[in-house]
Amino acid sequence: MDATVLRSTFLLTLLLSVGLFFFIRASTKDRTEVMRLVSKQDENALMTSLKDYFRTRAYRVLAVDSPKNQVTFAGFVRPSWFLAIFLTTLAAVGLGCLSLVLSMLFPDFGTFFPVIILFSPLSGLLYWKKSGRLEKVSLQIEDIRSEQNFSSVITVTAHRDELAELQRALQLKALDT
């Protein structure tokens, strides 16, 4: 094969490997967001619904701040087996491609490069260690009363997946800001 083709293939494979590294690293990134949600329920009924919802999701009450009408829940988020296996497979394919290109670029050492595929389980292990963590959800409820309708606004600070599930489960609408 032409040396220019090998070098350009190596450069592209190296760039893809860097992208794969950052993809694996991003799988453990904290994605906490703040969202304001609106409910037609009054404050007491809504708080009961929220407590029941978080209890079924294995969260427990961590702190209650009555003057601010704020509650903080905490729960352990387990890592996903599927994502750990998926990341390990992606790393194995990426390292396999890199070892193939390196073995073609340096044929004298070609038999040693496939050994780097053995490092692929480290990506699943990294994900498993960093993604299993204690998540906190903070809620603050305020009543909004007008002449025509009554609603409660909840300010929730939580992981974005938890926010989406909460919004879906309790049929809450996002407040337009």
Side-chain angles (χ1 to χ4, degrees), residues 1-38 50 53-54 56-60 62 72-140 154-177:
M1 214 184 259
D2 188 16
T4 308
V5 171
L6 280 176
R7 287 189 186 112
S8 63
T9 303
F10 173 70
L11 179 65
L12 290 173
T13 306
L14 194 62
L15 289 174
L16 288 171
S17 297
V18 169
L20 177 63
F21 170 76
F22 283 109
F23 178 76
I24 291 169
R25 201 176 105 201
S27 68
T28 62
K29 184 180 176 188
D30 183 31
R31 288 176 170 73
T32 301
E33 294 179 0
V34 177
M35 185 180 272
R36 292 177 54 103
L37 303 169
V38 179
L50 288 168
Y53 168 79
F54 284 111
T56 60
R57 304 267 300 168
Y59 282 84
R60 59 181 168 70
L62 188 65
T72 303
F73 294 93
F76 185 75
V77 176
R78 292 183 319 224
S80 163
W81 276 104
F82 172 77
L83 195 53
I85 293 168
F86 179 68
L87 290 173
T88 301
T89 304
L90 278 180
V93 169
L95 290 174
C97 291
L98 182 63
S99 71
L100 179 65
V101 171
L102 286 173
S103 65
M104 288 172 36
L105 197 57
F106 305 107
D108 296 338
F109 304 105
T111 57
F112 298 110
F113 289 121
V115 172
I116 66 173
I117 297 173
L118 296 176
F119 291 108
S120 63
L122 292 177
S123 63
L125 186 65
L126 171 81
Y127 164 76
W128 196 263
K129 294 249 183 209
K130 292 203 172 203
S131 66
R133 61 181 175 264
L134 188 69
E135 287 283 336
K136 292 183 181 177
V137 176
S138 178
L139 310 167
Q140 185 172 11
I154 315 157
T155 304
V156 185
T157 304
H159 189 277
R160 70 178 179 192
D161 295 339
E162 192 64 53
L163 287 171
E165 183 61 27
L166 173 68
Q167 193 173 0
R168 186 197 63 73
L170 297 181
Q171 291 137 8
L172 303 171
K173 298 196 185 313
L175 186 66
D176 296 326
T177 54

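Of the inter-residue distances, the one linking Leu134 atom CG with Tyr59 atom OH reads 9.0 Å to the nearest 0.5 angstrom. The structure places OG1 of Thr155 at 8.5 Å from CG of Leu37, a figure rounded to the nearest 0.5 Å. Interatomic distance, CZ of Arg57 versus CD of Glu162, reported as 4.0 Å (0.5 Å rounding). Distance check: Phe86 CZ to Ile24 CD1 gives 10.0 Å after rounding to the nearest 0.5 Å. A distance of 7.5 Å separates CH2 in Trp128 from OG in Ser80, rounded to the nearest 0.5 Å. With rounding to the nearest 0.5 angstrom, the OG1 atom of Thr157 is 12.0 Å from the NZ atom of Lys136.
Contact record, Pro107 with Met104: CD-O, 3.8 Å, taken as the closest heavy-atom pair. Pro121 and Thr88 make their closest contact through CA-CG2, 3.8 Å (heavy atoms, listed as atom of the first residue, atom of the second, distance). Residues Thr9 and Thr13 share a closest heavy-atom pair of O-OG1, 2.7 Å. Closest non-hydrogen pair, Leu163 versus Ala158, comes out as CD1-O, 3.8 Å. Here the closest non-hydrogen pair linking Gly132 and Pro79 is CA-CD, 3.7 Å.
In this structure, Phe73 and Phe54 have parallel ring planes: the angle between them is below the 30° cut-off, well short of the 60° mark.
Counting heavy atoms from C-beta on, the side chains of Leu95 and Phe113 never come closer than 4.5 Å. Proximity of Leu87 to Leu83: side-chain heavy atoms (C-beta onward) are separated by under 4.5 Å at one or more points. Residues Leu166 and Leu50 form a side-chain contact, since some pair of their non-hydrogen atoms from C-beta on lies under 4.5 Å apart. Here the side chains of Arg60 and Leu62 are in contact, with some heavy-atom distance below 4.5 Å.
Remark: Phe76 CZ is packed, more than 12 non-hydrogen atoms of other residues, nucleotides or ligands lying under 6.0 Å away.
Residue pairs meeting the salt bridge (Lys or Arg N to Asp or Glu O under 4.0 Å) criterion with at least one member in residues 23-34: none, sequence neighbours excluded.
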Report task. Show your working on side-chain contact (heavy atoms from CB on, under 4.5 Å) between Leu90 and Ser123 and close with a plain yes or no. Result -> CA-CA 9 Å; Leu90 278 180; Ser123 63; over 6 Å; no

Query raised in the report: Are Thr89 and Ile85 close enough, and set up right, to give a side-chain contact (heavy atoms from CB on, under 4.5 Å), and what steps lead you there?
Result: CA-CA 6 Å; Thr89 304; Ile85 293 168; 4.2 Å; yes

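Applying the salt bridge (charged side-chain N to carboxylate O under 4.0 Å, His left out) criterion to Arg133, with sequence neighbours excluded, gives Glu135. Remark: Tyr127 engages no residue in a ring pair (Phe, Tyr, Trp, His ring centres under 6.0 Å) (not counting sequence neighbours).
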